[in-house]
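Residue numbers begin at 1 in each chain, while the letters A, B, ... track the order of the sequences.
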Amino acid sequence: MLKLIGSRLATAIPSLIGVVIVTFLLTRVLPGDTAAYFAGPAATPQAIAEIRTKLGLDKPLPTQFVDYVSALSKGDLGTSLSTGQSVAHEIATRLPASAELTLCGLIFALLIAVPFGIAAAVKQGSWIDHACRLITTAGVSLPVFFTGLLLVYLFYFRLGWAPAPLGRLDVFFSAPETVTGFYLIDSLLAGDLETFRAAAAQLVVPTLTLAIFALAPIARITRASMLHVLSSEFIRTARASGLTSKTVILTYAFRNAMLPVVTTLGMVFSFLLGANVLVEKVFAWPGIGSYAVEALITSDFAPVQGFVLAMAILYVALNLIIDLAYGIIDPRARSEA
Amino acid sequence: MNRREFLTSASATAAAAGAAVTAPAVFSPAKAQARNETLLIVSESGPNNLDIHGVGTNVPGYEASWNCYDRLITHPMKEVNGTPYYDKDKFEGELAEDMNIGDMSVTFKLKKDATFQDGTPVTAKDVKWSLDRSVSVGGFPTFQMKAGSLEKPEQFVVVDDRTIRVDFIRKDRLTIPDLAVIVPCVINSELVKKNATAQDPWGLEYTKQNTAGSGAYKVTKWTPGTEVIFERYDNWKGGPLPKIKRVIWRMVPSAGNRRALLERGDADISYDLPNKDFMELKSNPKLNIISTPYSNGVQYIGMNVTRPPFNNPKVRQAMAYAVPYQKIMDAVMFGLAKPMFGASPESKTEVAWPQPTKYNTDLAKAKALLAEAGYPDGFETTISFDLGFAGVNEPLCILLQESLAQIGIKTTINKIPGANWRTELNKKELPLFTNVFSGWLDYPEYFFFWCYHGSNSVFNTMSYQSAAMDTFIDGARTAAAGGDKAAYDTDVRGMVDLAFADAPRLPLFQPYVNVAMQKNVTGYEYWFHRRLDYRALQKG
């Protein structure tokens, strides 16, 4: 196991170096001029030049790169111009916000999608199969900002069940002391049930929005993978041996069908984490996706580089976890590694 | 269904549902009390720096600076169309209790009991250090100070502990007004010096995150991109104690949600909604909408006069007749702007800016002028706009494109992302574009100096050069400084007439600052910077 982790991490290092170089170059070839943007509406060319010098953007590219890498080696990701904060700090506070939302959405989606996918595969062609197809198609084809706005309209504006879409906490609550950065966990650790309830209330509608979107790939893969496994010989044998259909489906079929589901899960998670910009925008969620997009729009290099790097590290970690999960689900995968 | 349609139906059904919509049970009774003294503001974006002297402080950052710092002097209010509006010609003390204008200097006496938020008294030393800082840090603050002929630290002289003198390097009527803008704020110099470093002698890193002023509010919590929390400074001496104890400013990127928050009564104020939303909210009896034209600001169509075809004044005049002015007012601005076109042909040019041109949409005339200029079949060009303000710019350019096509001018639309816009504008190569310019200092010659003068500043986006224009502008500046009213009036009329006849840029409208607030929120004041002044607001 340790050897597997070690070898996986070793192969990740070249890709991380590649990510550092590529993001550095990409952000530099973006057409915008950071200095002109931040010099403000009333800037003279001289003022722009002064800002350029202050930001170190007048140095040749190789020098800028050396500066960047040497700062990076000290754990300094630079400072964002648009928010004025250090990027490392911003990512550390925003990543948990995105992760909490994404995890909630994913867990919710899993709870619905997996049983749904299994049922659809077992009763192929039945009404439940058609319902599964309908819901998954709707899930992928409705853009998240639309479902988000629709749910806000319904649950906040019309029914008044959901709290105002104002981010992670209502304005009159203060955030619990940071331990994990997940408000649900932190508020419980602090023993503050009122804050826990407030944080949970803020989470419900965005979680639902994300879940509707994430449901589709998971349900479809579960269904396809189950269909494949259910038609294989060992299932026929199991059925012929007189095992109950519950044992056949859950113990034999589902365990074998889980590998592709886990792979999809990893992909959906990392995809949602970076790509739920729109949900973050709709719910004023202080997450990492909207942060990166805003930085990109303003040609703010440091957060973009920091974001890509953080995502790359996250992908590596996630893939490692998935590989390890493979080994637990299917011992054959372990020996092959 | 897009967001707009969704919202239309949202408000329609909400109106139908009426009383069925009950207040959300978000606030417990204890919190309701706090809510009465707390103001919740929602807007699209927030500050990136709490100090206007910082590198690249954005416009929301100006709001933080305005409310947390004092200036020596400020403007009193007057009433314009029922809304308190700053009186640009009058001044009153904020930190100064007395202002004495001499021939080549002005002397301020500081209020005796004014203290910074940490309790230390405000002294003339602090004032000098702050003014020195604003003319020395470079970038926007230094540029703004220069606009009022405030250029060197030697101009600021400490007379005694409570007296400071500002020496003039030249006579300039903008010097005193420039001391009342946001930039010359007074900072707690000892506190900032304690937190300064060798690389950062002015302590910009410290004031970026912390407010160190004597103003009515201090920032107690700031989560960039999420929220800013202001608490009242109870010992403020700059004016009457504000009613609002706490201001929570939340960033809500989705305009639809900002509107929903307002309509549900959860947010108290919002001020950057799309025009269409504001127009629709006007009919909401629960909300109060105030629209005020930008002082000294105009949205215009600019043309690069250094290259064909727009180097030909006839072509520019043809353009002036081809712009679909009224359609833009109706379909883009929803009437929330002041027209800057279509003055009656007999009307006389006023000594004022902005003022409407005499142009109207007249395609036949435009076609004739185009033929006269040697382009009977039109030509091809591109229209550029800033995507950062796409809500107005995009439909505006499409209407223009449509109208130009009718006189044979084929155009392609070039959308430029916000980050690139200024760079592209500075290159002065865009042939045809739309943009807004507005000046903090509300004087015609100030506007013309930046936008039409041959010194070719960043805002002379058309690269317009005219010896006659320069004479008028320089003449008006000299006349204003010397108090020669007759010469000033002639020069201002001269530059306005020339700008309209030569038509390097076509004024479209004066945009409005739109603010939507709950009925129980009162005391909104219009300021030249167009941001909110929390000090006058109250609830209840």
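- When each of B:L387, B:L261, B:V252 is checked for heavy-atom pairs under 4.5 Å with chain A, B:L261 comes out on top.
- Side-chain contact, B:D266 with A:Y156: a donor N or O sits under 3.5 Å from an acceptor N or O.
- The closest side-chain heavy-atom distance from A:L166 to B:L40 is below 4.5 Å.
- Among residues at least two apart or in separate chains, salt bridge (charged side-chain N to carboxylate O under 4.0 Å, His left out) pairs with a member in residues 39-52 of chain B are B:E44-B:R258, B:D51-B:R133.
- The candidate from B:L50, B:V42, B:T226 with the greatest count of non-hydrogen atom pairs under 4.5 Å with chain A is B:T226.
- Contacts with chain B were tallied for A:A284, A:G167, A:A201; A:A284 has the most, counting heavy-atom pairs under 4.5 Å.
- What you find for B:R264 and A:R158 is that their closest heavy atoms are NH1-N, 4.4 Å.
- For the pair A:L149/B:N257, a side-chain contact is recorded, criterion being any heavy-atom separation below 4.5 Å from C-beta on.
- Annotation: side chain of A:T79 is in contact with side chain of B:K208 (closest heavy-atom distance under 4.5 Å).
- Every residue two or more places apart in sequence or in another chain was checked for a side-chain hydrogen bond (donor to acceptor under 3.5 Å, both in side chains) with B:S45, and none qualifies.
- Surrounding NZ of B:K428 are more than 12 heavy atoms belonging to other residues, nucleotides or ligands, all under 6.0 Å away.
- Among all heavy-atom pairs drawn from A:F157 and B:E263, the shortest one is CE1-CB, 3.6 Å.
- Dense packing is recorded around OH of B:Y206, with more than 12 heavy atoms of other residues, nucleotides or ligands lying under 6.0 Å away.
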